[in-house]
Amino acid sequence: MKDFAGKIAVITGGGTGMGRELARQLVAEGCNVAMCDVSAEAMAETKRLCEVEKLPQGLRITTHVADISIEDHYKRFRDELIEQQATDKIHLLFNNAGIGGGGSLFSNTREQWERTFNICWGGVYLGVRTFLPLLVKADEAHIVNTSSVNGFWASVGMGVSHTAYSAAKFAVKGFTEAMINDLRLNAPHVKCSVVMPGHIGTSIVSNSRKVQNGSDQLNADELKQARQRLQGQGIDVAKMSDADIQQLALDRARIFHDEAPTSAAAAAKVILDGVKAERWRILVGDDAHLLDERVRKAPEQAYSPEFYQDLVAATGWKVG
């Protein structure tokens with residue numbers, strides 16, 4: 001797919017981050033966009049940003065509230081898209097939405113763990129299941145599933161558990177790789193790519209808390225986990241109040257967004273360039289390329305303190 005003009009793209013998680021930037025860049029190339037998110041307000045802002053420049057006549061941007069872990073929400077999204085976009089086919093599916101949380105089998109609840117897993121993995125699976133018939137009807141189509149560097153390296157550092165997100169992202173990577181041959185055998189005009197970003201400047205940290213807790217404040221379990229993580233980083237938390245911990249968490253979310261080595265806009269461009277080049281494997285960010293190289297070179301050392309310390313020294317990672 002050499003260009004996106006006149007095509008129809010579906011984007012999950014279109015309200016913020018890479019989803020928003022994918023929408024903006026696709027619309028700028030003349031692509032119709034249907035996005036979903038749990039936040040109508042966030043999607044309204046994405047749509048406004050897309051419409052800042054006068055849209056080509058007939059170009060459609062539609063927004064649809066949906067929780068991608070729920071199949072009935074996906075089906076409603078699909079039916080609304082068919083009606084509002086006046087189509088029975090789509091050309092691009094970006095399974096982009098995701099949240100963090102549920103990092104530990106010990107200190108998180110089963111509900112938190114499965115919430116993360118069901119969005120980050122289940123949302124991708126249900127997205128493909130729901131929209132595959134519409135993709136197959138197009139003359140050419142492309143599925144883009146967002147995994148992560150945590151799809152080949154299940155860690156963000158020695159001081160924090162990271163099981164739900166990592167398990168989901170490994171599943172997304174394996175699923176997409178297996179789809180390559182499934183599509184080749186059954187729908188060769190449909191291609192697929194797995195996207196593996198490193199640290200991208202998005203609001204996933206704060207958004208994840210809002211999805212899990214209903215606010216950006218830490219709950220009691222998360223306060224305890226935050227103290228453990230800080231202790232694991234050698235920080236004395238004995239004299240820190242809960243309010244101090246809350247503020248550090250807010251600061252961490254801000255730093256994750258503002259001081260990332262790769263912006264969401266830059267990440268979206270890498271992804272779209274990868275789709276045009278029909279690359280099935282799209283690493284995003286210098287840190288992703290470096291980490292991929294190091295894990296392949298020394299897989300047995302990938303979860304040692306020395307490996308992580310060397311990674312931080314080489315990339316300046318602040319995600320753990």
Side-chain angles (χ1 to χ4, degrees), residues 10-20 22 35-39 42 66-71 73-74 77 93-105 108-131 143-157 160-179 192-213 222 225 253 256-257 260 264 267-268 271 281-285 288 291 319-320:
V10 167
I11 305 171
T12 69
T16 58
M18 290 194 300
R20 171 176 287 176
L22 285 168
M35 73 185 86
C36 77
D37 201 284
V38 294
S39 171
D67 179 334
I68 61 166
S69 67
I70 301 172
E71 187 169 10
H73 284 210
Y74 251 129
F77 174 23
L93 172 62
F94 294 89
N95 285 310
N96 162 79
I99 66 167
S104 175
L105 290 168
N108 287 110
T109 65
R110 179 169 178 169
E111 289 74 20
Q112 289 173 318
W113 202 99
E114 293 183 357
R115 181 75 172 134
T116 298
F117 188 80
N118 290 341
I119 289 174
C120 291
W121 155 243
V124 172
Y125 169 70
L126 291 174
V128 172
R129 278 287 188 192
T130 302
F131 285 106
I143 299 167
V144 184
N145 294 332
T146 300
S147 177
S148 166
V149 292
N150 292 133
F152 60 80
W153 184 64
S155 176
V156 287
V160 56
S161 300
H162 201 50
T163 65
Y165 186 85
S166 296
K169 295 303 185 179
F170 265 78
V172 171
K173 178 176 180 289
F175 175 63
T176 311
E177 292 190 20
M179 280 176 54
C192 66
S193 299
V194 59
V195 175
M196 292 173 286
H199 180 190
I200 310 299
T202 72
S203 300
I204 189 172
V205 175
S206 57
N207 286 346
S208 297
R209 287 198 201 106
K210 292 174 185 175
V211 171
Q212 293 277 15
N213 303 337
E222 289 169 333
Q225 292 164 35
F256 188 93
H257 181 282
I271 293 167
R281 188 173 190 269
I282 303 172
L283 292 167
V284 183
L291 185 52
V319 296

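Just the heavy atoms: all of them, side chains too, but no hydrogens, waters or symmetry mates, feed the values below.
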Using distance only, find each side-chain donor-acceptor pair of residues 169-178 under 3.5 Å and give its atom names and separation, not counting sequence neighbours.
unit_1	atom_1	unit_2	atom_2	d
K169	NZ	T146	O	3.1
K173	NZ	E177	OE2	2.8
T176	OG1	N145	ND2	3.0
T176	OG1	V172	O	2.7

Looking at side-chain heavy atoms only, is the closest gap between [X] and [Y] below 4.5 Å?
X	Y	value
N95	V144	no
W121	T116	no
M196	S148	no
F94	V10	no

Looking only at non-hydrogen atoms, find the nearest pair between M18 and I200 and report the distance. CG-CG2, 4.1 Å

Show the nearest heavy-atom pair for residues G198 and A288, with the distance to one decimal. N-CB, 3.7 Å

Any residue meeting side chain to side chain donor-acceptor pair (under 3.5 Å) with S104, in chain and number order, not counting sequence neighbours: S107

Without swapping roles, check the side chain of [X] against the backbone of [Y] for a donor-acceptor pair under 3.5 Å.
X	Y	result
T12	N96	yes
Y74	G123	yes
N150	V156	no
R20	G15	yes

Taking ring pair (Phe, Tyr, Trp, His ring centres under 6.0 Å) as the definition, give me every residue that meets it alongside H162, ordered by chain and number, with sequence neighbours left out. Y165

